[in-house]
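Sequential numbering from 1 along the given sequence is applied to the chain's residues.
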Amino acid sequence: MESMTEERVVVIGGVDCHKHTHHACTIDEQGRRLADQEFRATRAGYRELLAWLRGQGTVRAVGVESTGGYGAGLTRSLCRTGVKVIEVNRPHAQLRQRRGKSDSIDAEGAARSVLAGEARQIPKDTTGIVESIRLLKTAHNSAVKARSMALCLLGELLVTAPTELRESMRCSTLKGQATVCARLRPALDHLDDPTQATKLALRSVARRILALKKEIAEIDAQLEALIRSAAPRTTSLLGVGTQHAAELLTTLGQDCDRIHSEAAFAHLCAAAPVPASSGLTQRHRLSYQGNRQANRSLHMIAVVRLRYCSRTRAYAKRRRSEGLSNKEIIRCLKRYIARQLYRELRADLGALAT
């Protein structure tokens with residue numbers, strides 16, 4: 001007797017992620033819609049979603065929106081089970097105007113982006129030391145921004161403070177004035193007096209500044225230890241400090257194979273040359289796309305090398321004699337630095353993996 005084996009359907013999933021729920025949709029390799037269902041954004045919900053996907057056939061890949069946000073937990077769960085996850089961007093506004101907007105439509109659009117090959121990017125690995133660096137750097141940046149705002153507020157309060165109180169501040173810098181204001185002793189029983197209320201406001205803001213300063217120092221110490229452990233070769237380069245290395249590491253990601261070449265890394269850092277020629281004028285301009293913070297790190301490294309590196313100064317002098325402007329010279333330097341850093345970062349992350 002002849003036995004016939006039933007072929008398993010190959011399915012492609014798409015997930016529209018939200019804070020509390022994830023909406024999933026499946027299509028087959030011919031683009032036919034199979035089913036869609038909503039799941040909770042919990043560990044149990046992730047298991048149910050995976051079982052639901054596998055119950056419909058062999059899972060080829062799953063397109064997930066917001067892999068670095070609401071979909072981060074789902075992405076980690078699927079990757080641990082060996083499912084191929086593809087990062088999908090949000091639908092374009094024109095597409096949404098034409099097709100409408102719903103969780104089901106967005107999930108189906110994510111699956112079709114994977115099927116058509118429009119979405120091919122592997123999401124970042126968020127289970128290693130690079131993710132720890134990103135989290136600490138985020139907390140550091142937030143504390144720095146809060147301290148800057150508090151310093152500006154302290155200066156504004158001192159401008160409108162009573163004359164005798166303002167003249168008692170002998171320090172010329174806001175940081176020194178914050179230290180003095182933190183030691184003020186307002187009379188809490190007489191806060192109806194503007195002088196005493198001003199003293200209390202100044203002391204409150206000043207103590208906030210000093211607390212944030214201590215917090216920043218603590219995070220800096222931990223972040224520097226992580227950076228030197230993860231990227232010793234990169235931090236040994238001229239101009240690459242802790243914050244620059246942290247920004248470039250988080251831009252590249254721990255799974256450095258997801259960025260296939262140094263040209264792709266330069267494009268990701270907005271350091272790729274863009275043609276801007278017309279007629280007899282042959283030139284390139286700076287790229288306006290990519291990670292602007294990574295581009296800022298490359299720019300600051302180039303500025304440091306223009307000041308302290310004799311080879312960089314000689315290069316800039318030669319290119320200036322060829323007719324290039326300072327902006328074009330810095331663009332060329334950023335492209336070279338991106339190439340150098342890509343090699344060193346890959347070497348550091350490769351050693352870290354082994």
* Under 3.5 Å donor-acceptor, Arg203 side chain and Pro186 backbone -> no
* Spacing of Ser148 atom OG and Ile209 atom CD1 [to the nearest 0.5 Å] -> 9.5 Å
* Asked: Counting only N and O atoms by type, is there a donor-acceptor contact under 3.5 Å from the side chain of Gln254 to the main-chain atoms of Val130?
  -> yes
* Asked: Just by distance, do the side chain of Glu167 and the backbone of Glu164 share a donor-acceptor pair under 3.5 Å?
  -> no
* Asked: Between Thr42 and Arg47, is any pair of side-chain heavy atoms under 4.5 Å apart?
  -> no
Scan the side chains in residues 19-29 for donor-acceptor partners under 3.5 Å anywhere in the protein, sequence neighbours excluded, and list what turns up.
residue, atom, partner, partner atom, Å
His22, ND1, His18, N, 3.4
His23, NE2, Asp36, OD2, 2.8
Thr26, OG1, Ala35, N, 3.4
Thr26, OG1, Ala35, O, 3.4
Thr26, OG1, Gln56, OE1, 2.7
Asp28, OD1, Gln30, N, 3.0
Asp28, OD1, Gly31, N, 3.0
Asp28, OD1, Arg32, N, 2.7
Asp28, OD2, Arg32, NE, 2.9
Asp28, OD2, Arg32, NH2, 3.0

* Asked: How many angstroms lie between atom CG of Asp16 and atom NZ of Lys101, to the nearest 0.5 angstrom?
  -> 5.5 Å
* Asked: Hey, is the main chain of Ala230 close enough, under 3.5 Å, to the side chain of Asp348 for a donor-acceptor pair?
  -> no
* Between Tyr315 and Arg311: side-chain donor-acceptor atoms closer than 3.5 Å -> no
* So do Asp220 and Glu224 actually touch side chain to side chain, heavy atoms under 4.5 Å? -> no
* Quick one: salt bridge (Lys or Arg N to Asp or Glu O under 4.0 Å) partners of Glu215, sequence neighbours excluded? -> none
* **Test salt bridge (Lys or Arg N to Asp or Glu O under 4.0 Å) applied to Glu344 - qualifying residues, sequence neighbours left out** => Arg233
* Any donor-acceptor N/O pair, Thr234 side chain to Ala231 backbone, under 3.5 Å -> no
* Asked: Would you say the side-chain atoms of Tyr308 pair up with the backbone N or O of Gly239, donor to acceptor, closer than 3.5 Å?
  -> no
* Asked: Is it true that the side chains of Thr127 and Arg76 contain a donor and an acceptor less than 3.5 Å apart?
  -> no
